[in-house]
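The structure appears right after this line, and notes come after that.
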Amino acid sequence: MRNEQGGITFAYQWLRVILRYQLAAVLAIFAFVMIFDLKFPFPALSEMNTNYGDFTPAKIFQLTLGIAKANYKLTVGLVELLAAVLLLFRRTAAVGALMAAGIILNIVLADFAYNTGDQYISLYLMIISLILLAHNLPGMYRLMLEKPAVANNTNLKLNPTWERRVRPALKALFIVLILASGITAYIWKQQSPRLATGLPNAAGLYDVAEFKWNGTTIPYSKLSPHRWQNVVFETWKTISILQPGSKTCGRTYYVIKIDSVLNRLYLQDQGDHRSIQMTLLYNRPDTSTIILSGRTSHRDSIYAVLKKIDKKYLLIQGRRKPVEL
C-alpha cells in the first residue's frame, strides 16, 4: 500500500474504516437478536406472578420490551440491520452512521435509566457513531443550507492489487460472517427452551395447600426457609417455586426432565443443568391437583399438594376483552 497522504490523515482514514466495520458488526448482531426475539421474550407466567417490587430496574426494562406490540422488536431489528448494511459501503456510510447514532442514543438512555449493566458498551458504540458522523457533518451542514456539496476526497489511496482483489475479498468475508451470525441466531431461536413442551395440561399457578418437609407438616409461612408458597408450571420445561431466600426475584427456577412412564420429575437448577436438585413423583388425581413427593439432593423428603388457581391475566386476555376475575 502506498501512503500518498499525510501520516495523520492516513491513520485517521484507517481508524474510520475499522470503526465503521466494528459498528456494523455489532449492529448486525443486535439486529438478529431483536429480529429473532432472543433477549426480550414475552413475560413468563412466573414473572406475571412475581411482585413488581421484586424486579430489578433492568428486569423491568426487559419485560417492558417483551410485551411490546405492533412488531416493535422486529422493526427495530430491521432498522439496525439496514444501518449495518449502509455502514459497509463508503457512499452510504454517512447515512448509516446517522441511523446508528439515532438508534444507539435511545439504547444509551435506556441503559443508564434502567441500570442494565450495558451502559458503557452502548456509550462506546455511541462515540463510534459520532466519530463516523463528524467526518460528514460539514457536507451535511452545507446541504441543509442548500449550498453546493463538497466531494469527500479523503478516501484511502491503496495499490491496485489491494483495490481489485484484497478489499472485495475481505468485505465479502465480513458479509459472510455477518450472515453466519444471523443463521446462528435463527438456530438458537429454534433451540429455545420455550419450544420444549412441559408437563401436559399443567401450565398455571398453583397454591401449595399442604406441605411436608422430612415428614413434618409445615403450615403456610412466609418465614420458613423450606415451605413452598406457590408453584408455577410453565408451558415449557420449567417450573418456579416461591419460597423465602430465593435469589431470583423471590422465586427459585428449575428446568424439569419428565419421565411420563414412571411419573417422575427431575428438577435441575436453571443455572447448572448437570445438577439434579430434586427427584419427585407426581400424581394427578384430577385436572386441578398435582401431588408431588420425593427427595432433594440432600436426601430431605418433600411432600406437596398443589391446587391450581384459575387466574386470568389481563396481559394475555387483553384490556378490551371482558375478563371475569
Side-chain angles (χ1 to χ4, degrees), residues 43-56 59-60 63 193 197-260 262-273 275-317 323-325:
L45 289 178
S46 298
E47 292 162 339
M48 286 189 275
N49 286 286
T50 300
N51 293 328
Y52 187 83
D54 288 335
F55 290 124
T56 63
K59 187 63 177 180
I60 292 173
L63 295 175
T197 305
L199 193 64
N201 302 314
L205 172 65
Y206 291 79
D207 178 53
V208 183
E210 182 181 351
F211 185 82
K212 294 180 181 180
W213 180 266
N214 288 328
T216 302
T217 299
I218 302 177
Y220 185 85
S221 171
K222 290 189 175 182
L223 300 178
S224 172
H226 305 302
R227 218 298 184 173
W228 298 356
Q229 297 176 33
N230 65 54
V231 177
V232 172
F233 280 78
E234 303 290 351
T235 56
W236 56 91
K237 293 182 178 180
T238 295
I239 70 170
S240 69
I241 301 171
L242 179 64
Q243 61 185 138
S246 299
K247 297 180 180 179
T248 308
C249 301
R251 309 192 74 89
T252 303
Y253 287 79
Y254 297 97
V255 175
I256 59 173
K257 287 187 176 181
I258 304 169
D259 187 336
S260 57
L262 298 177
N263 281 9
R264 286 185 179 178
L265 298 179
Y266 301 95
L267 277 62
Q268 300 173 309
D269 189 291
Q270 196 172 49
D272 182 8
H273 294 185
S275 174
I276 301 293
Q277 300 297 316
M278 283 181 264
T279 301
L280 303 174
L281 291 172
Y282 68 89
N283 181 25
R284 307 180 73 173
D286 55 62
T287 57
S288 62
T289 304
I290 299 178
I291 300 175
L292 300 176
S293 60
R295 292 188 177 274
T296 70
S297 58
H298 298 292
R299 308 302 299 168
D300 295 303
S301 67
I302 289 177
Y303 177 84
V305 178
L306 312 181
K307 293 289 186 178
K308 192 171 187 177
I309 300 173
D310 186 19
K311 184 176 181 179
K312 302 294 192 298
Y313 300 91
L314 289 175
L315 198 58
I316 296 175
Q317 298 287 331
V323 178
E324 294 182 3
L325 300 178

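Note that the coordinates shown come from a computational prediction; the quantities given were computed from them, not determined experimentally.
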Report the distance from atom [atom1] of [X] to atom [atom2] of [Y], rounding to the nearest 0.5 Å.
{"X": "Ile256", "Y": "Arg264", "atom1": "CD1", "atom2": "CZ", "answer": "15.5 Å"}
{"X": "Leu292", "Y": "Trp228", "atom1": "CG", "atom2": "CH2", "answer": "5.5 Å"}
{"X": "Leu45", "Y": "Phe233", "atom1": "CG", "atom2": "CZ", "answer": "12.0 Å"}
{"X": "Leu199", "Y": "Arg284", "atom1": "CG", "atom2": "CZ", "answer": "4.5 Å"}
{"X": "Leu280", "Y": "Leu267", "atom1": "CG", "atom2": "CG", "answer": "5.5 Å"}
{"X": "Thr217", "Y": "Lys212", "atom1": "OG1", "atom2": "NZ", "answer": "4.5 Å"}

Please find the pair of heavy atoms, one from [X] and one from [Y], that lie closest to each other, and give the distance.
{"X": "Trp236", "Y": "Pro193", "answer": "CB-O, 3.3 Å"}
{"X": "Gly198", "Y": "Ile258", "answer": "C-CD1, 3.5 Å"}
{"X": "Ser46", "Y": "Tyr253", "answer": "CB-OH, 3.4 Å"}

| Evaluation steps, side chain to side chain contact (heavy atoms under 4.5 Å, CB included), between Val208 and Leu306 | CA-CA 5 Å; Val208 183; Leu306 312 181; 3.8 Å; yes
| task | Going by the side-chain hydrogen bond (donor to acceptor under 3.5 Å, both in side chains) test, name the single residue among Asp54, Asn49, Asn230 that passes it with Arg251. | result |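 Filter result, single survivor: Asn230.
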| message | Test side chain to side chain contact (heavy atoms under 4.5 Å, CB included) on Thr279 and Gln277; report intermediate values, then the result. | response | CA-CA 7 Å; Thr279 301; Gln277 300 297 316; over 6 Å; no
| query | Taking C-beta and beyond as the side chain, do Pro244 and Gln229 meet within less than 4.5 Å on heavy atoms? | reply |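 They are in side-chain contact.
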| Check against side chain to side chain contact (heavy atoms under 4.5 Å, CB included), Tyr254 and Val231 | CA-CA 11 Å; Tyr254 297 97; Val231 177; over 6 Å; no
| Side-chain donor-acceptor pair present, Ser288, Asp286, cut-off under 3.5 Å | yes
| Strictly by modelled atom types, are Lys307 and Thr289 linked by a side-chain donor-acceptor pair under 3.5 Å? |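 Yes - a donor-acceptor pair under 3.5 Å links their side chains.
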| Aromatic ring pairing Tyr52/Phe55, orientation class (parallel under 30°, perpendicular over 60°, tilted between) | perpendicular
| said: Students often mix this up, so state it plainly: with edges at 30° and 60°, are the rings of His226 and Trp213 parallel, tilted or perpendicular? | reply: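 The arrangement is parallel - the two ring planes meet at less than 30°.
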| request: Tell me, with the steps shown, if Ile302 and Phe211 meet side chain to side chain contact (heavy atoms under 4.5 Å, CB included). | output: CA-CA 8 Å; Ile302 289 177; Phe211 185 82; 4.0 Å; yes
Donor-acceptor pair, side chain of [X] and main chain of [Y], under 3.5 angstrom:
{"X": "Gln268", "Y": "Lys257", "answer": "no"}
{"X": "Lys308", "Y": "Ala203", "answer": "yes"}
{"X": "Arg227", "Y": "Ser221", "answer": "no"}

